[in-house]
Protein chains: 2
Amino acid sequence: MKTSTPAAGSAAPHLIADAVELVHSYPQMPLTVDCVIFGFDENKLKVLLIRSDLEVYKGKWSLLGDIVKQTEELDDAAYRVLRERTGMTDVYLKQVQAFSSLNRHPGGRVVTVAYCSLLNIRHHELQITDNELHWQNVRSLKDMAFDHKEIIDACYNWLQKRIQEHPLGFNLLPEKFSLRELQNLYEAILNVELDRRNFRKKFFSMDFLIDTGELEEDVNHRPGKLYQFNFEKYEKSKRKWIGIDF
Amino acid sequence: MKTSTPAAGSAAPHLIADAVELVHSYPQMPLTVDCVIFGFDENKLKVLLIRSDLEVYKGKWSLLGDIVKQTEELDDAAYRVLRERTGMTDVYLKQVQAFSSLNRHPGGRVVTVAYCSLLNIRHHELQITDNELHWQNVRSLKDMAFDHKEIIDACYNWLQKRIQEHPLGFNLLPEKFSLRELQNLYEAILNVELDRRNFRKKFFSMDFLIDTGELEEDVNHRPGKLYQFNFEKYEKSKRKWIGIDF
DNA sequence: ATTGAATGTGTATTAATTACATGAATTTTC
DNA sequence: GAAAATTCATGTAATTAATACACATTCAAT
């Protein structure tokens, strides 16, 4: 998953043995990943939660997470959680932050690395059959297990910032979307109201939207045009951005 | 260091015991922190390195890092490294990213969390007596131990981005600085040339610079005014920032 | 006193952001 | 099927921010 810098791969065996011995002397601790999985539905930003499997937290909601295996990279562990829980593979996923409070887990010292994931709540692969799972409004979280409220807050802040600088939002929408849907998404995530005309102007001037020529269906008013995001063109443009401002 | 959400602190003892048993069944692994300590000197961005203590990496430079203790938070471990190595306490320090490649350490699986630290290279508390330490130009790194080149690159990218949105840069300068020094800092970090008049206009319009009334000394040309950054005023302003752009 | 080098400031141009109003397409209502 | 209601689609003027650019001032060195 991560590009790896081979670490002294061809060094003499006794040197490696020394290093191995050193590492064996290091204190060890359990490491987990927790996925903050965002979805967008009914014009609200949602997060996917599961009932805590700990009796101490009975009834409380928690994030989807798991231990990191001895020979597993963090990204892979997070993808594994996503795959096992949602059945989805090509999902947006980024590491956000490690949390290490000593008392964050009632069972003892557990360090966790939080990941932010974005997916389309209507995606056909997404089979949330487990009735212990549910999508909850991001702004009505309370009484969560562990430090998961804090973790979600961190990921939500991260998302609010990131979505303004990178085209992440499209991961939350269907492949084809109307401009109104896109604006609703931004308004929900940023918790602001935006002027429709200026919003459209902004996105059109970026010139990354492809007009599919299709129209919305099953909508009880004049249907809007459907667009796709031109990821290919975006990748090529890669703007260099200087704008000191604080 | 981190605000901690007490985890089911008052739950029944047998429930805690269950949780403890669960955590004991988790795989464990060594965890370290690595500090990317930036300094600014001779109009160049520098990073503080130390000779690797591993024989496998004999002669190569590495970051300042250490193991995370069983009952130590990540932030505290990073601060400890800073304190022990530089003698400095009130230092800018932020977690950046965890690195977990399986082969990143020749002695076996070691996950590390990278921190970005900024300090004034001339600070009187900074005692780099150890001649195994040295400040190296960020843009002339090669042949580093572990994946430390990759870690520095990540922190450097993080810094380039962050410094445009938050007043971090001042941590690299003396308390009182000239506008020219400030501009040199930005130019060095962002690797661009900026127009002097527009740069000044920009900073003055933010209105966070305090004119100390003092002038530069020991400079063989017309001395510039010395300014301080008004952190207090900045903290109060906390602009809310909406600017979709990518 | 003259030269050199860096500081300090202002203005005109361009680009980006904001505020704001009307006509067109489609569904619902009567 | 005509009228009402709703949402889509678009343009322009005013403001604000970013950029490009030139000259007078201060101090040090000679």
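Predicted model only: the values in this text are computed from it and were never measured. By convention in this document, chain letters (A, B, ...) are assigned in the order of the sequence lines, proteins followed by strands, and residues within each chain are numbered from 1.
For R222(B) and dC27(D), a side-chain-to-base donor-acceptor distance below 3.5 Å is absent, hydrogens and geometry of angles not being considered.
No side-chain heavy atom of L63(B) sits under 4.5 Å from any side-chain heavy atom of F146(B). Between C116(B) and L93(B) there is no side-chain heavy-atom pair separated by less than 4.5 Å. Looking at heavy atoms from C-beta onward, L48(A) lies out of side-chain contact with F38(A) at the 4.5 angstrom threshold.
Note: D90(B) CG to L119(B) CG = 12.0 Å, rounded to the nearest 0.5 Å.
Residue K201(A) contributes atom NZ, which lies 10 Å from atom C1' of dT10(D) at whole-angstrom precision. Put simply, CG on L226(A) is 12 Å from P on dC8(D), counting in whole angstrom units. What separates CZ of R200(B) from C1' of dT19(D) is a distance of 17 Å, to the nearest Å. What separates NE2 of H221(A) from C1' of dA5(D) is a distance of 12 Å, to the nearest Å. Distance E216(B) CD to dT26(D) C1': 13 Å, rounded to the nearest Å. Look at CG on D218(B): it is 11 Å from P on dA28(D), rounded to the nearest Å.
Nearest-nucleotide positions on DNA chain C for D245(B) and P223(A) put D245(B) closer to the 5' end. Residue-to-nucleotide proximity on DNA chain D shows that, of V219(B) and I242(A), the 5′-proximal contact is made by I242(A).
In this structure, K202(B) reaches the dA18(D) phosphate: one of its side-chain N or O atoms is under 4.0 Å from OP1 or OP2.
Of all nucleotides in DNA chain C having an atom under 4.0 Å from a heavy atom of chain B, the first and last in 5' to 3' order are dA6(C) to dT17(C).
With 3.5 Å as the limit, one finds no donor-acceptor pair spanning the side chains of S62(A) and S52(A). For the 3.5 Å distance criterion, the side chains of Q160(B) and Q164(B) fail to qualify, holding no donor opposite an acceptor. A side-chain donor-acceptor contact under 3.5 Å links H134(A) and Q136(A).
For the segment residues 175-198 of chain A, residues with any heavy atom less than 4.0 angstrom from an atom of DNA chain D are, sorted by number, R180(A), R196(A), R197(A).
D207(A) pairs by the salt bridge (Lys or Arg N to Asp or Glu O under 4.0 Å) definition with K233(A), not counting sequence neighbours. Residues satisfying the salt bridge (Lys or Arg N to Asp or Glu O under 4.0 Å) criterion with K142(A), sequence neighbours excluded, are absent altogether.
A salt bridge links E235(B) with K238(B): the distance from a Lys NZ or Arg NE/NH1/NH2 to an Asp or Glu carboxylate oxygen falls below 4.0 Å.
Within 4.0 Å (heavy atoms only), K225(B) reaches sugar-phosphate atoms of the nucleic acid but no base atom.
For the helix from dA1(C)-dT30(D) to dC30(C)-dG1(D), the rotation axes defined at the first and last 5 base pairs enclose an angle of 10°, given to the nearest 10°.
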What donor-acceptor contacts under 3.5 angstrom involve side-chain atoms of residues 167-181 of chain B, with partners at least two apart or in another chain?
residue : atom : partner : partner atom : Å
N171(B) : ND2  : L168(B) : O            : 2.8
E175(B) : OE2  : Q228(B) : NE2          : 2.8
K176(B) : NZ   : E214(B) : OE2          : 2.5
S178(B) : OG   : E181(B) : N            : 3.1
S178(B) : OG   : E181(B) : OE1          : 3.4
S178(B) : OG   : E216(B) : OE2          : 3.4
E181(B) : OE1  : S178(B) : N            : 2.8

